[in-house]
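Quick caveat: nothing in here was measured; it's all calculated off a predicted structure.
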Amino acid sequence: MKQKIAHIALVVADYDEAITLYTQKLQFDLIEDTVLNDAKRWVLVGPKGAIEFSLLLAKAVNKEQSEKVGNQTGGRVFLFLNTDNFERDYQNLLDNKVKIIREPILEEYGKVAVFADIYGNLWDLIERR
C-alpha cells in the first residue's frame with residue numbers, strides 16, 4: 001500500500017487575501033482556484049516545485065470556524081517550510097514585512113526562524129543541516 005498526505009486544510013478569513021499572502025509574500029504557486037458555489041472555492045497553494053503536498057485554503061463559514069482562524073493549533077508552530085537557502089527565504093520574509101516571531105537561530109538540526117502568517121498561524125522556516 002502506498003499513501004501520502006496530499007493537502008492540509010487551513011481555515012482562512014478570505015480566499016483572496018490568503019492567496020495574496022501565499023503567492024506574493026511567500027512566493028508559493030497557486031495550484032488551483034475552482035469556484036464550487038457562491039460561497040465555496042477549492043483553492044490549493046504550495047511551495048514552488050512541491051508536487052506531493054499543498055495547503056487547501058478553506059474559508060471560515062460560521063462562528064466556530066472563524067474563531068479558529070489563525071489559531072488552529074492553540075498557539076503552537078503549525079506549519080514547517082523547509083528551504084534549500086535560508087538566507088534567501090528569510091530575506092524574502094523581511095522584504096515582504098512578514099511578522100517574525102523568533103529570529104533565526106542555529107539548532108542541532110539546522111537553521112530555523114519562526115514567522116506568522118496574516119492570521120497569526122505560526123510557521124518554522126528551516127534549512128536542515
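The two residues Phe53 and His7 come nearest to each other via the heavy atoms CE1-C, 4.2 Å. Nearest heavy-atom pair across Ala18 and Val12 is CB-CG1, 3.9 Å. Residues Pro47 and Asp29 share a closest heavy-atom pair of O-OD2, 4.5 Å. Across all non-hydrogen atoms, the minimal contact from Leu10 to Gln72 is C-OE1, 3.5 Å. Heavy-atom minimum distance, Val11 versus Ala60: CG1-CB, 3.7 Å. Listed here is the closest heavy atom pair of Gln65 and Lys59: OE1-O, 3.9 Å.
The number of heavy atoms from other shown groups lying within 6.0 Å of CD (Glu64) does not exceed 12. When the shell of 6.0 Å around CG of Asp38 is examined, it contains 12 or fewer heavy atoms from other residues, nucleotides or ligands.
Here the CZ atom belonging to Arg129 is positioned 10.5 Å from the NZ atom belonging to Lys111, to the nearest 0.5 angstrom. One finds the OH atom of Tyr15 at 14.5 Å from the OG1 atom of Thr20 (value rounded to the nearest 0.5 Å). Annotation: the span from Asn82 atom CG to Asp124 atom CG amounts to 9.0 Å, rounded to 0.5 Å. The distance from the OG1 atom of Thr73 to the NZ atom of Lys68 is 11.0 Å, given to the nearest 0.5 Å. Atom CG of Leu44 sits about 8.5 Å away from atom CG of Leu30, to the nearest 0.5 Å. Atoms CG and CZ, on Leu81 and Phe86 in that order, are 10.5 Å from each other to the nearest 0.5 Å.
With hydrophobic clusters built from ILVMFWY side chains whose heavy atoms lie under 4.5 angstrom apart, Ile51 does not share a cluster with Val43. The hydrophobic cluster containing Val35 does not contain Val45, counting ILVMFWY residues as joined when their side-chain heavy atoms lie under 4.5 angstrom apart, directly or transitively. In terms of hydrophobic clustering, with Ile, Leu, Val, Met, Phe, Trp and Tyr side chains grouped at heavy-atom distances under 4.5 Å, Val69 and Val77 are assigned to different clusters. Ile31 and Ile5 are not part of a single hydrophobic cluster, where members link through side-chain heavy atoms under 4.5 Å apart. When the side chains of ILVMFWY residues are joined at heavy-atom separations under 4.5 Å, either directly or via intervening members, Leu36 and Leu56 end up in a single hydrophobic cluster.
Thr83 has its side chain within reach of Arg88: a pair of non-hydrogen atoms, C-beta onward, lies under 4.5 Å apart.
For the pair Lys99 (side chain) and Ala116 (backbone), a donor-acceptor distance under 3.5 Å is absent. Of the possible polar contacts, one joining the Asp117 side chain to the Tyr119 backbone as a donor-acceptor pair under 3.5 Å is found.
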Salt bridge (Lys or Arg N to Asp or Glu O under 4.0 Å) for Lys63 and Glu67? Distances and angles first, verdict last.
CA-CA 6 Å; Lys63 183 180 179 201; Glu67 290 171 352; 3.8 Å; yes
Decide yes or no on salt bridge (Lys or Arg N to Asp or Glu O under 4.0 Å) for Arg41 and Asp16, but give the supporting numbers first. CA-CA 11 Å; Arg41 290 156 57 182; Asp16 294 320; 3.0 Å; yes
Under the side-chain contact (heavy atoms from CB on, under 4.5 Å) criterion, do Glu87 and Glu127 qualify, and how do the steps go?
CA-CA 9 Å; Glu87 299 306 324; Glu127 182 177 12; 6.0 Å; no
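For the side chain to side chain contact (heavy atoms under 4.5 Å, CB included) with Leu125, the qualifying choice from Val114, Leu93, Leu26, Ile100 is Leu93, the only one to do so.
Note on ring orientation: taking the six-membered ring where Trp is involved, the planes of Tyr22 and Trp123 are tilted (angle from 30° to 60°).
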